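Below is one structure; the comments refer to it alone.
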Amino acid sequence: MTATMMPQWIIWLFIGGQAALMSVIIIYLAKSKKENTAESYLTAGRSVGLGLSSASIVAEWTWAATIMVASQLGYILGFSGAFWYALAATLPFFPFALLALKLKKEFPQARSFPEYFYYRFDKKNHILLSVFGFIVALMVSIMIVVGGGITIYQFSGMDPIMAMVLIVLAFSSYTVIGGLYGTVFSDAMQGLLIYLVFGIVIVGMAVAVGPQEIYNGLLNMIQGNNQDYVSRALENGVTREALEESLSILSLPGFVLGIGLIISNFPAVFVEQAFWGRSIAVKDAKIATRAFIIGGLAWFPIPAAVGLALGTGGLALGMLQPGTSPDSIAPSTVQNVLGMTGMIAFLFGLIAAMLSTGSGELNAASTIFSNDLYRRYFNRNATDKQILRVARLFGIVFAVGVLIASIAVFKAGLSMLDVYLAMGVFVGSACVPIFLGMLWKRCSADGSFYGAVIGSVLAIIIFLVYGEVPATITAVASSTIITVALSFIQNNQYDFDRMIEIDVDKDDHASIKVV
């Protein structure tokens, strides 16, 4: 089967065109609002409505890895892979909706989630959570950049490193200009585009191939009637057990990985400033809660449908040659089944996903650095102009760091699934301290800090011996035990009503409104 190749000028046109369009719109919005302050840059003026915030959550959570990993799991595990990926990444939004409500009601001045814990706990927790926030932003950014580079190479033959450079330049160009409002607005537009484009791809697969042919292809492989496809799958990471259960949505291999994915996804939400930023940007607490519930439910069909159509469909059709990484199953299936039209649609949607998520991560990192580190530890008397300048400069620095790290991951041959699961290893221990710190008055500063630190250390040790899933479970379980035990021993009683009385400007010895 000879794959259709896309001219490279289309790549330049799509990436450059979307970035230029977003830049023009955001510059116009910034001028029309006549706001160019640190407050508006970091919080979007706390004026975003339900529709805009819900759509932006869908786009922010639709990484390049969403499409690539959902398809990869659909290939490796069949029906259950796509289902468990989608379910595992949807579940964290329901408890997070409660945390978003608490943040908005108790600490309406917040600009970031580490700032909340500066006042709830102490400096050591504040610094630790700031570092964890950076780690999540970096790892998510790596996944979208590497995933985009692989897809562009698959479609056009463009040097994947050049493709990564284009992706980082695109999302950083308009994010540095527009701040959080620009990110939310562009995300909402990209979210609608993602739904439309991947809907077209799914319908295209249904017309070109059809669910019955995919089912029959898997059944033939299970029955041993197509040994060529079976041998390809086994050489590309599919086990015989998974292949035999590929038609089951509740297969044992899928269930085991699903548990690991659920645990890994909680830190990707709970320790993700990009999502806390959405709760900060909205008008009131009710919108914050509803936006995350609506956004989570609206997001679920995207990976579920894409994973089934492109991942499981690619397995049934024998899309990958022996010795090929399952990372490339989604673009390979589109390329071979849907041809140039499908490739253009898929690439357009993937670029939208990459730019929206990349923009959110860059804004998250610049917010944490300018608001939580620079303003609080480096220059407590910083003026509004200085904070704004530092936020923009750090955005550029972070973008360069993302590019370097992405190239290193690509050169090392790490899969996006490895990076995805590694988030649970490194920052999974922060989930329970964050959750208990916002909801349990007896949760202590020491319990939270040592639970997160020791849990992370133990998880890394287990990871080196047993792998990501046991390590992530260790991170969450150990941090829970340590946090709860120390909190009971210390027996603190925190009054959450104190949060509403905090004057952040007075505490920082400078008004953030001074220009």
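Here the structure is a predicted model, which is why all the values come from computation and not from measurement.
Between the side chains of Gln490 and Ser444, at least one donor N or O lies within less than 3.5 Å of an accepting N or O. No hydrogens or angles considered: a donor-acceptor pair under 3.5 Å links the side chains of Ser80 and Ser251. No side-chain donor from either of Asn492 and Arg442 sits under 3.5 Å from a side-chain acceptor of the other. In summary, the side chains of Asp372 and Ser112 do present a donor paired with an acceptor at a separation below 3.5 Å, with no hydrogens or angles considered.
Within the 4.5 Å cutoff, the side chain of Leu310 has no heavy atoms near those of the Ile329 side chain. Tyr420 has its side chain out of reach of Met139: every pair of non-hydrogen atoms, C-beta onward, lies at least 4.5 Å apart. Annotation: side chain of Val306 is in contact with side chain of Ser71 (closest heavy-atom distance under 4.5 Å). In this structure, the side chains of Phe266 and Val271 stay at 4.5 Å or more apart for every pair of heavy atoms. For the pair Leu219/Leu247, a side-chain contact is recorded, criterion being any heavy-atom separation below 4.5 Å from C-beta on. The closest side-chain heavy-atom distance from Phe132 to Glu272 is not below 4.5 Å. Annotation: side chain of Ile407 is not in contact with side chain of Val145 (no heavy-atom distance under 4.5 Å). A heavy-atom distance below 4.5 Å is not found between the side chains of Lys104 and Ser279.
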Test side chain to side chain contact (heavy atoms under 4.5 Å, CB included) applied to Leu439 and Leu99, step by step: CA-CA 8 Å; Leu439 299 177; Leu99 299 187; 4.1 Å; yes

Please report the C-alpha distance between Leu315 and Met221 in whole Å, then the side-chain angles of each, then the deciding distance to 0.1 Å, and finally whether the side chain to side chain contact (heavy atoms under 4.5 Å, CB included) criterion is met. CA-CA 9 Å; Leu315 172 65; Met221 292 174 70; 3.8 Å; yes

Evaluate side chain to side chain contact (heavy atoms under 4.5 Å, CB included) for Phe113 paired with Leu103, printing each intermediate quantity in order. CA-CA 8 Å; Phe113 80 94; Leu103 178 73; 5.7 Å; no

Set out, in order, the CA-CA distance, both residues' side-chain angles and the distance that settles side chain to side chain contact (heavy atoms under 4.5 Å, CB included) for Leu166 and Met158, then state yes or no. CA-CA 11 Å; Leu166 288 178; Met158 177 183 284; 4.1 Å; yes

Mind running salt bridge (Lys or Arg N to Asp or Glu O under 4.0 Å) on Glu106 and Lys102 for me, showing each step along the way? CA-CA 6 Å; Glu106 292 176 352; Lys102 291 277 288 182; 2.5 Å; yes

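Side chain of Thr357 to backbone of Glu60: a donor-acceptor contact under 3.5 angstrom is found. Between the Ser54 side chain and the Ile294 main chain, no donor and acceptor come within less than 3.5 Å of each other. Arg232 places no side-chain N or O within 3.5 Å of a backbone atom of Pro322 that could act as its donor or acceptor partner. Checked by atom type and distance alone, the side chain of Arg120 pairs as donor or acceptor with a backbone atom of Gly437 at under 3.5 Å. The main-chain N or O of Ile482 is never found under 3.5 Å from a side-chain atom of Tyr450 such that the two would form a donor-acceptor pair. Gln154 places no side-chain N or O within donor-acceptor distance of the main-chain N or O of Ile150, the cut-off being under 3.5 Å. The backbone N or O of Val140 sits nowhere less than 3.5 Å from a side-chain atom of Glu361 that would complete a donor-acceptor pair. Side-chain atoms of Asn226 do not come within 3.5 Å of backbone N or O of Asn220 as any donor-acceptor pair. Asp418 contributes no side-chain N or O that, together with a main-chain N or O of Leu414, makes up a donor-acceptor pair within less than 3.5 Å. With hydrogens and angles disregarded, no donor-acceptor distance shorter than 3.5 Å links the side chain of Ser448 to the backbone of Ile434.
Of all non-hydrogen atoms in Ala452 and Ser479, the two that sit nearest each other are N-CB, 4.4 Å. In terms of heavy-atom proximity, Thr483 sits nearest to Gly451 at OG1-CA, 3.7 Å. Of all heavy-atom pairs between Ala86 and Pro303, the closest is CB-CG, 3.7 Å. Residues Leu362 and Ala399 come closest through the heavy atom pair CD1-CB, 4.0 Å. In this structure, Gly74 and Thr312 approach most closely via the heavy-atom pair O-OG1, 3.0 Å. The heavy-atom pair separating Gly424 from Thr472 by the smallest distance is C-OG1, 3.5 Å.
The ring-ring contact (aromatic ring centres under 6.0 Å, His included) test with Phe292 is passed by exactly one of Phe270, Trp61, Phe96, Phe94: Phe96. Put simply, the residue from Asn363, Leu129, Val136, Ile368 that forms a side chain to side chain contact (heavy atoms under 4.5 Å, CB included) with Gln273 is Ile368.
The aromatic ring centroids of Phe83 and Tyr85 lie 6.0 Å or more from each other. Between Phe93 and Phe275, the distance from one ring center to the other falls under 6.0 angstrom. Ring centers of His126 and Phe449: at least 6.0 Å apart, outside the cut-off. Close placement of the Phe107 and Tyr119 rings is indicated, their centers lying within 6.0 Å of each other.
Taking the six-membered ring for Trp and thresholds of 30 and 60 degrees, Phe346 and Phe198 have ring planes more than 60 degrees apart, a perpendicular arrangement. Using cut-offs of 30° and 60° for the angle between ring planes, the Phe394 and Phe134 rings count as tilted.
By the 6.0 Å contact criterion, CZ on Phe300 is enclosed, its count of non-hydrogen atoms from other residues, nucleotides or ligands being greater than 12. For Tyr153, the OH atom counts as loosely surrounded, since its 6.0 Å shell holds 12 or fewer non-hydrogen atoms of other residues, nucleotides or ligands. No more than 12 heavy-atom neighbours from other residues, nucleotides or ligands sit within 6.0 angstrom of OH on Tyr466.
Distance check: Ser332 OG to Phe155 CZ gives 8.5 Å after rounding to the nearest 0.5 Å. In this structure, the separation between CD1 on Ile57 and OG1 on Thr62 is 11.5 Å, given to the nearest 0.5 Å. Rounding to the nearest 0.5 Å gives a distance of 12.5 Å between NZ of Lys124 and OH of Tyr118. Residue Thr151 holds its OG1 atom at 10.5 Å from CD of Gln335, rounded to the nearest 0.5 Å. Considering OG1 of Thr289 and CG of Leu101, their distance stands at 4.0 Å, rounded to 0.5 Å. Summarising the geometry, atom CD belonging to Glu213 is positioned 9.0 Å from atom CE belonging to Met205; distances are rounded to the nearest 0.5 Å.
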